[in-house]
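Some notes on the structure that comes next.
Every chain is numbered from 1 and lettered A, B, ... according to where its sequence line falls, protein lines coming before strand lines. All values below come from the heavy atoms of this structure, side chains included, with hydrogens, waters and symmetry mates left out. These numbers come from a predicted model, not from an experiment.
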Number of protein chains: 2
Amino acid sequence: MTQTAPATAQDLDLESPEAASVNTRERILDAALDLFTEQGFDGTSLRQIAEQLGVTKAALYYHFTSKDDILLALHMRLHEAGRDALVQMGDEPVTLEQWGTLLDQVVDQMLAQRKLFLMHERNQAALEKLHRKDHDAEHEDIQNQFRRVLADERVPLRDRVKMAASVGIVFSGLLLSGEAFADSSNEELGTMLRDIIRDVLRG
Amino acid sequence: MTQTAPATAQDLDLESPEAASVNTRERILDAALDLFTEQGFDGTSLRQIAEQLGVTKAALYYHFTSKDDILLALHMRLHEAGRDALVQMGDEPVTLEQWGTLLDQVVDQMLAQRKLFLMHERNQAALEKLHRKDHDAEHEDIQNQFRRVLADERVPLRDRVKMAASVGIVFSGLLLSGEAFADSSNEELGTMLRDIIRDVLRG
DNA sequence: GTCTATATTTCGATAGAC
DNA sequence: GTCTATCGAAATATAGAC
């Protein structure tokens, strides 16, 4: 799996004076991402994260104020990754063409950051609880933005169902790139998924 | 939301002599299903389930041996619902036609038992941990059965991607029937989803 | 920045009366 | 079948030394 996004530990091998702590912070996030994806947020203890890094529980609290803070930082990773793909979806109704263009980018992001997407899909309950506390400034979450577009009654029902189905196809890629399709490359899968999505939106 | 499956509390209003406990057992499962779906399995305490029913924590232990046992019972609900839809998927490779016929039934089941499907999607970590303990007799889980078919290398890669994408379309219905499409009926949504799936599998 | 040690809370589970 | 009362474990989080 190739990483295209910045801000992961692998990109920061050479360290500037203060990069040691930055590196540690990212290493904590990488370990947490693994564990949260496999065992769930609530099913993972800070002790496990610390053990995987070879430090103690208390060390984590130097880099993060709470366990929720770690989850929030991972949520921000996805939010930043989606910033590019998220065009200005203003108040005008979205067309099927615009939706297709958007999802083409989301497919790429998803294949490049598979674990991050998977973590979000498998910890929706914990993320929602987090969002209830951090209701500062109406974060305008990606997921909410998607929901808002799909709920727009100015778009014909049939088109909205097509748009939702296309989203489902994107996330089927999470299932795909897991184990059943380990032999095929991301580019191959991405091309096929985009083809199917295009047919659905135009058909 | 219309319930088509048996074994929910609503179906058992008139009680036979021993139906009181049966009814309570199902009422516990209904409450747990709501809470596990909204807050997650690990994010829900037995105290919350008991409170919603107007009983105490200890009462739950008369009907279930553990918290995991409650989750397992809910998992069985889905397994029974899927028994009908699950044709004999033996060792022969599955054709696109067979897959379409199977998913037509799954769409119906999903729309009729939306919360049960949603709970499974949102608690995969807890369910996997449960399955690791209960590895008795290789339960042949529905999810594993799906994965096995999609991993069958005798089926062309392109067809397998189509089959996986179709599964994604089915589960997009979970997103759909949530709030954005509350006005449209389940039959309407089911018909549209089936149409899209058919086009994807044949296209 | 990381450690040891501990405070505090909450949860799952059990015992025994009724 | 349901209750009160409680146990023991594990978790998050903090305090303070180094």
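- Although no hydrogens or angles enter the test, the distance criterion places no donor-acceptor pair under 3.5 Å between the side chain of A/Lys162 and the main chain of A/Ile197.
- Of the candidates D/dT12, D/dA15, C/dT2, the closest approach to any side-chain atom of A/Lys67 belongs to D/dT12.
- The pair B/Arg122-A/Glu128 meets the salt-bridge criterion, with a side-chain N (NZ, NE, NH1 or NH2) lying under 4.0 Å from an Asp/Glu carboxylate O.
- Rounded to an integer number of Å, the gap from B/Arg25 CZ to D/dT2 C1' is 17 Å.
- If you check every strand for non-hydrogen atoms under 4.0 Å, B/Ser45 touches sugar and phosphate atoms only.
- Rounding to whole angstrom units, CG of residue B/Asp42 and P of C/dT10 are separated by 17 Å.
- For the pair A/Arg160 and B/Phe181, the cation-pi test (distance below 6.0 Å, angle within 45°) is passed.
- A/Lys57 places its NZ atom 7 Å from the C1' atom of D/dT12, with the value rounded to the nearest Å.
- To the nearest angstrom, P of D/dA9 lies 19 Å from CG of B/Leu46.
- For the pair A/Thr56 and C/dC3, the criterion of a side-chain N or O lying under 4.0 Å from OP1 or OP2 is met.
- Phosphate proximity of C/dA13 to B/Tyr61: present, with a side-chain N or O under 4.0 Å from OP1 or OP2.
- The CZ atom of A/Phe64 sits 12 Å away from the P atom of C/dT2 (whole-angstrom rounding).
- Nearest nucleotide to the side chain of A/Tyr62, out of D/dT2, C/dG1, C/dC3: C/dG1.
- Although no hydrogens or angles enter the test, the distance criterion places no donor-acceptor pair under 3.5 Å between the side chain of B/Thr37 and the main chain of B/Leu118.
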